[in-house]
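Ligands are counted one by one from 1 in listed order, and the atoms in each one are counted from 1 as well.
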Amino acid sequence: MEVETIQLTTHNGVGWLKLNRPEKLNALNETLLREMKTAIDTFEQDDAVRVIVLVGEGRAFSSGQDLTIESDADYGEYLEDVYHPLVRALFSSRKPLIAGIHGVVAGAGLSLALAADVRIVAKSTKFSSAFIKIGLVADAGGPYHLRRLMRDDLALDWLWSGSTIDSEAARTFGLVTELVEDAMYTERLTSYAEILAAKSPVAVQGMKALMRAASFEDGLNEEIEWQRKCGDTDVHRQAMQAFLMK
Ligand code: T3D
């Protein structure tokens with residue numbers, strides 16, 4: 001796939017999607033958002049990719065929407081046409097989605113990071129809820145994800161303030177899965193992703209699906225199917241045999 005604003009690599013079962021506009025702190029323009037959407041779809045179809053990682057090149061994950069683009073487009077249409085296909089692809093990915101966050105994560109960049117299943121965060125990262133500072137509502141799925149991750153009143157208070165918080169505060173809010181010293185960040189992110197990629201893909205994807213079951217009864221029904229599939233894998237059979245041979 002020809003790309004201009006992202007970098008794609010696959011290694012040890014991990015598909016790395018790197019936002020690559022470092023001179024703008026990975027501000028999100030239309031090309032980047034469309035390339036990300038196509039990349040997620042491609043990784044989703046590629047059996048060699050068991051885990052997807054989103055990261056930023058340079059000194060930030062993303063500074064949010066590119067504010068230098070002058071446009072008289074209808075913002076609602078832009079969301080529908082450009083942001084929402086990507087946000088849906090992230091949300092509906094069957095594979096584990098990890099956001100590796102360092103430097104700064106702001107506005108719509110934050111919304112994309114919140115769509116991940118887990119967030120591995122370098123300690124010096126700043127989280128900015130920015131939207132209100134330019135008179136906009138939080139969008140790109142951000143409010144939905146904030147609501148499932150943190151208390152409603154704290155989320156609203158933060159969004160209304162437009163403030164920037166440090167990684168410790170973000171962890172208290174529930175936005176951080178694992179906080180890592182800056183010097184260890186890349187190594188830890190890589191090992192986290194590769195360890196997950198080495199596990200049974202059926203069990204890993206099944207866990208994700210079951211955590212999203214719409215109701216208790218749906219969950220019970222879906223676990224029947226997933227456990228049946230897991231029981232039929234070599235990984236499971238070999239693990240059982242190894243246990244019995246002890
Ligand atoms: O369409 C929709 O509905 C989606 C809507 C989404 C809305 C949002 O995403 S709201 C959030 C928008 N983002 C922001 O408000 C953050 C803007 N950036 C900043 O406040 C600062 O850059 C940072 C605090 C993130 C970092 O500051 P600093 O001092 O470390 O770096 P810098 O010098 O400001 O930035 C470096 C370069 O990146 C600079 O370019 P230059 O001067 O070297 O040519 C700067 O202009 C550029 N840059 C940073 N953020 C953006 C950006 N360029 C375009 N858009 C940006 N968001």
Legend entry - Partner of Asp117 by salt bridge (Lys or Arg N to Asp or Glu O under 4.0 Å), out of Arg148, Arg94, Lys208, Lys95: Lys208
Inset, instruction - Fit a plane to each ring of His145 and Phe91, take the angle between them on a 0 to 90° scale, and name the class: parallel (under 30°), tilted (30 to 60°) or perpendicular (over 60°). - result: tilted
Legend entry - Tyr83-ligand 1 polar pair, N/O distance under 3.5 Å: no
Inset, instruction - Report the part of Leu28 (side chain from C-beta onward, or backbone N, CA, C, O) that has a heavy atom under 4.0 Å from ligand 1; answer both or neither where that applies. - result: neither
Inset, instruction - Report yes or no: does Tyr78 have a heavy atom closer than 4.0 Å to ligand 1? - result: yes
Legend entry - Over 12 non-hydrogen atoms of neighbours within 6.0 angstrom of CZ in Arg147: no
Inset, instruction - Inspect the surroundings of OH in Tyr144 and state if more than 12 heavy atoms from other residues, nucleotides or ligands are less than 6.0 Å away. - result: no
Inset, instruction - Measure the distance from atom 37 (C) of ligand 1 to every protein heavy atom, then report the residue, atom name and distance (to 0.1 Å) of the closest one. - result: Glu23 O, 3.4 Å
Legend entry - Protein residue, atom and distance nearest to atom 23 (C) of ligand 1, heavy-atom basis: Leu25 CD1, 4.3 Å
Inset, instruction - Answer yes or no: does an N/O atom from Leu67 fall short of 3.5 Å to an N/O atom of ligand 1? - result: yes
Inset, instruction - Could you check which of Arg59, Lys24, Arg21 puts a non-hydrogen atom nearest to atom 33 (O) of ligand 1? - result: Arg59
Legend entry - Other residues, nucleotides, ligands: >12 heavy atoms within 6.0 Å of Met207 CE: no
Inset, instruction - May I ask you to list the atoms of ligand 1 that are less than 4.0 angstrom from any heavy atom of Val104? - result: 25 (C)
Legend entry - Option nearest atom 8 (C) of ligand 1 (shortest heavy-atom distance, choices Glu77, Lys133, Gln65): Gln65
Inset, instruction - Around atom 13 (N) of ligand 1, find the nearest protein heavy atom and jot down its residue, atom name and distance. - result: Ser63 O, 2.7 Å
Legend entry - Nearest non-hydrogen protein atom, atom 2 (C) of ligand 1: Asp139 OD2, 3.3 Å
Inset, instruction - Say whether Ala108, considering both its backbone and side-chain N or O atoms, lies within less than 3.5 Å of an N or O atom on ligand 1. - result: yes
Legend entry - Salt bridge flag under 4.0 Å for residues Asp41 and Lys37: yes
